[in-house]
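In what follows, a structure is listed as structure tokens, so that the remarks can point back to it.
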Amino acid sequence: MFGSLWQYRHFIMSSIRGELKGRFVRSRLGGLWFLLHPLAQALIFSIVLSEVLKARLPDTDSPAAYPIYLLSGMAAWSLFYEILTRSMTVFIEQAPVMKKIAFPRLCLPIIVGGTALINHLLLLVAIFVIFIFLGHMPGRALILLPIGIVLIAAIGFGLGVILGVVNVFVRDVAQVMIIVLQLWYWLTPIVYPANVLPEQYAFLLNLNPLAPLTALYQDALLFDRWPSAESLAMPAALGLVSMAFAIVFFRRASPELIDVL
């Protein structure tokens, strides 16, 4: 299977380029939307929470701290969300192509993951531009950001492929996951710092693999803090297990996908 994926590497790369070009076709602003979207989100949340609700972050008095905290957490979440949700529906969306053209079906979620990673890198560039306007420069902990990217992509890809295969047979999966992801987002310290969560719900952070990964982004981009190895153990294990299970599960279910579609 991995050998066939390597043989189709040019197909994967050209498909990723096609998706990126198609995203900005007939768009006058083009790639500027990568800057405008996160800037608008940070501005809205900052006005509502920082000014109206008087939200403040611990360990810092910087007036720009909250927008930076938001942008960092949103960047981590957006990578996970895009890979998971698009992998979950890619087999159904590409059913006509799968029926007409012979190629390794695992190419589809890989194309989704590759596109999401490039989008994420462009988003990080846009965020750094925003940081310059805010007068903030990340510290040396920034070098650990690729670890967060790899772990988030692994978890999103593994869960996305598993749910994508199940979604072909049980179409309710995608609808259920919309609700689950909404709850998951608000149970992840993105809009609020982790220490404001009530004690009776604090255990949920220990069960949430994205909590330490969003914290890694926030620590690297805002606080210049290094994460502990213990906090990354669970996300790393989940990423490895989910990807391994996804490949085995996909390989066994692949012969029946076309018939069901």
Side-chain angles (χ1 to χ4, degrees), residues 37-38 40-42 44-50 52-53 55 57-58 66-67 69-93 109 112-113 116 119-120 123 148-149 151-219 222 227 231-243 245-246 249:
H37 281 158
Q41 284 183 314
I44 293 170
F45 275 106
S46 298
I47 292 174
V48 173
L49 296 176
S50 293
V52 178
L53 300 181
L57 291 175
Y66 193 72
Y69 182 86
L70 276 173
L71 286 170
S72 303
M74 286 179 177
W77 175 262
S78 66
L79 175 61
F80 170 73
Y81 184 85
E82 182 176 359
I83 294 177
L84 177 61
T85 55
R86 294 201 58 210
S87 298
M88 192 166 53
T89 59
V90 69
F91 299 120
I92 296 175
E93 293 173 353
V112 166
N119 289 339
H120 185 67
L123 175 61
I149 295 174
L151 294 180
I152 292 172
I155 295 173
F157 180 84
L159 295 180
V161 171
I162 294 169
L163 293 172
V165 172
V166 176
N167 192 39
V168 172
F169 299 93
V170 184
R171 299 298 172 91
D172 296 331
V173 170
Q175 303 303 321
V176 172
M177 284 304 299
I178 292 175
I179 300 173
V180 171
L181 286 172
Q182 289 177 346
L183 294 173
W184 199 340
Y185 175 84
W186 289 105
L187 289 174
T188 304
I190 298 173
V191 177
Y192 57 88
N195 61 352
V196 305
L197 202 65
E199 292 185 5
Q200 61 267 32
Y201 301 113
F203 74 95
L204 293 174
L205 295 183
N206 297 325
L207 301 176
N208 184 354
L210 284 187
L213 296 178
T214 55
L216 185 150
Y217 269 66
Q218 291 155 349
D219 288 342
L222 174 60
S231 66
L232 299 179
M234 190 263 284
L238 178 60
L240 182 62
V241 171
S242 63
M243 284 195 67
F245 182 79
F249 185 54

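- The minimum heavy-atom distance between Ile190 and Gly73, with the atom names listed, is CG2-C, 3.7 Å.
- Leu210 contributes atom CG, which lies 10.5 Å from atom CG of Leu151 (distance to the nearest 0.5 angstrom).
- Here the closest non-hydrogen pair linking Ser242 and Ile155 is OG-CA, 4.1 Å.
- Of the possible donor and acceptor atoms, none in the side chain of Glu82 sits under 3.5 Å from a partner among the backbone N and O of Asn119.
- With rounding to the nearest 0.5 Å, the separation of CG in Leu159 from CE in Met243 is 11.0 Å.
- Between Gln175 atom CD and Asn167 atom CG the span is 8.5 Å, to the nearest 0.5 Å.
- In this structure a side-chain-to-backbone donor-acceptor pair under 3.5 Å is missing from Asp219 to Pro227.
- Closest heavy-atom contact between Pro189 and Tyr69: O-OH, 3.5 Å.
- The ring-ring contact (aromatic ring centres under 6.0 Å, His included) test with Tyr185 singles out one residue from Tyr192, Phe80, Trp77, and that residue is Trp77.
- Smallest separation of non-hydrogen atoms from His120 and Ser78: ND1-OG, 4.4 Å.
- Open room surrounds CD1 on Ile179; 12 or fewer heavy atoms of other groups in view lie less than 6.0 Å from it.
- Smallest separation of non-hydrogen atoms from Phe249 and Ile162: CE2-O, 3.8 Å.
- Residues Trp186 and Val191 form a side-chain contact, since some pair of their non-hydrogen atoms from C-beta on lies under 4.5 Å apart.
- If you take OG1 on Thr214 and CG on Asn208, they are separated by 7.0 Å, rounding to the nearest 0.5 Å.
- Heavy atoms of other residues, nucleotides or ligands lying less than 6.0 angstrom from OH of Tyr81 number 12 at most.
- Using a 4.5 Å cut-off on side-chain heavy atoms (C-beta onward), Leu84 and Met177 make contact.
- Among Ile149, Ile152, Thr188, the one residue that satisfies the side-chain contact (heavy atoms from CB on, under 4.5 Å) test with Leu213 is Ile152.
- The nearest pair of heavy atoms linking Gly158 to Ala246 is O-CB, 3.5 Å.
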